[in-house]
Amino acid sequence: DVYKAKVVDIFVRMAKDLAGEVPLKVINDGEVTALAAVQKIKHGNVMGISMGSSEGGGYANEDGNLMGWINEMCYIKLDMNPEAPTDPWTKGAHRGISHMYLGQRGAT
C-alpha cells in the first residue's frame, strides 16, 4: 500500500534524512507560536494562534510544555448570519467559519 509506505511515516523519514540521529519534531505553527510566547514572556499558560492559510493554535501549560490539545482552529464558526460566506474546502457545507475571515483568505 503506497499510503502506508510513503505517507504514514513521512515525518520520521524526513527527520532521519535531515538530521540523522538528532531528535527532530514536526509541530503545528500554532504550537510554535505558543512556544515563542513562553520564551518571550517567560511564563506559561499561553495559547498561541497563527493566522496563515487558516488558523493554527497551540497551548503551553504552566511549565511551558505543549499539551497537543489544540492544532487547527479553521472551522470555528464566527459568523452566524445564514447568508455568511460558504467554505470552499467543504464544498459549501459550512458558512461563516473562521478561515473565511482570518488569515490569508480573510485578507484577500
Side-chain angles (χ1 to χ4, degrees):
D1 175 52
V2 174
Y3 180 79
K4 285 183 182 176
K6 300 289 184 183
V7 178
V8 172
D9 69 341
I10 190 169
F11 294 119
V12 173
R13 289 185 292 109
M14 285 174 58
K16 188 166 184 99
D17 289 348
L18 291 171
E21 298 303 318
V22 175
L24 180 68
K25 182 173 182 167
V26 177
I27 61 175
N28 180 281
D29 54 347
E31 291 176 311
V32 172
T33 305
L35 287 178
V38 168
Q39 289 181 343
K40 177 74 174 171
I41 66 173
K42 309 282 190 254
H43 194 274
N45 291 330
V46 174
M47 181 175 174
I49 300 173
S50 64
M51 293 185 213
S53 57
S54 66
E55 295 75 59
Y59 177 74
N61 68 10
E62 184 176 6
D63 297 323
N65 298 315
L66 294 175
M67 304 303 293
W69 294 345
I70 306 167
N71 285 307
E72 292 298 335
M73 300 172 62
C74 65
Y75 293 105
I76 297 171
K77 187 161 184 147
L78 296 178
D79 189 344
M80 303 303 168
N81 183 335
E83 299 301 316
T86 58
D87 167 35
W89 293 345
T90 60
K91 297 180 175 57
H94 300 282
R95 290 185 175 273
I97 59 178
S98 58
H99 80 87
M100 297 298 296
Y101 300 87
L102 307 173
Q104 294 170 1
R105 188 175 302 278
T108 58

Nearest heavy-atom contact between Ala34 and Ala60 is CB-N, 4.2 Å
How long is the span from the CE atom in Met51 to the CG atom in Asp29, to the nearest 0.5 Å?
-> 11.5 Å
List the atom of Thr33, the atom of Ser50, and the distance in Å for their closest heavy-atom pair.
-> OG1-CB, 3.7 Å
Heavy-atom nearest pair, Lys16 first then Glu21, reads NZ-OE2, 2.8 Å
Are Ile27 and Tyr59 connected, step by step, through hydrophobic side chains (Ile, Leu, Val, Met, Phe, Trp, Tyr) whose heavy atoms are closer than 4.5 Å?
-> no
Do you know the tightest heavy-atom contact between Leu35 and Gly64?
-> CD2-O, 3.7 Å
Heavy-atom pair of closest approach, residues Pro88 and Met100 | CD-SD, 3.7 Å
Can Leu102 be reached from Met47 by stepping across I, L, V, M, F, W or Y side chains whose heavy atoms are under 4.5 Å apart?
-> yes
Is there a path from Ile41 to Val38 through hydrophobic residues (I, L, V, M, F, W, Y) whose side chains come within less than 4.5 Å of each other?
-> yes
Return yes if some donor-acceptor pair links the side-chain N/O of Lys42 with the main-chain N/O of Gln39 below 3.5 Å, else return no.
-> yes
Joint cluster assignment, Val46 & Val32, ILVMFWY side-chain distance < 4.5 Å = no
Without swapping roles, check the side chain of Asp63 against the backbone of Asn65 for a donor-acceptor pair under 3.5 Å.
-> no
Identify the two heavy atoms, one from Asn28 and one from Glu72, that lie closest to each other, and give their separation to 0.1 Å.
-> ND2-OE2, 3.0 Å
Below 3.5 Å, can you tabulate the donor-acceptor pairs from side chains in residues 73-85 to any protein atom, sequence neighbours excluded?
| residue | atom | partner | partner atom | Å |
| --- | --- | --- | --- | --- |
| Asp79 | OD1 | Asn81 | N | 2.9 |
| Asp79 | OD2 | Tyr101 | OH | 2.5 |
| Asn81 | OD1 | Glu83 | N | 2.7 |

Side chain Asp9, main chain Val12, donor-acceptor under 3.5 Å = no
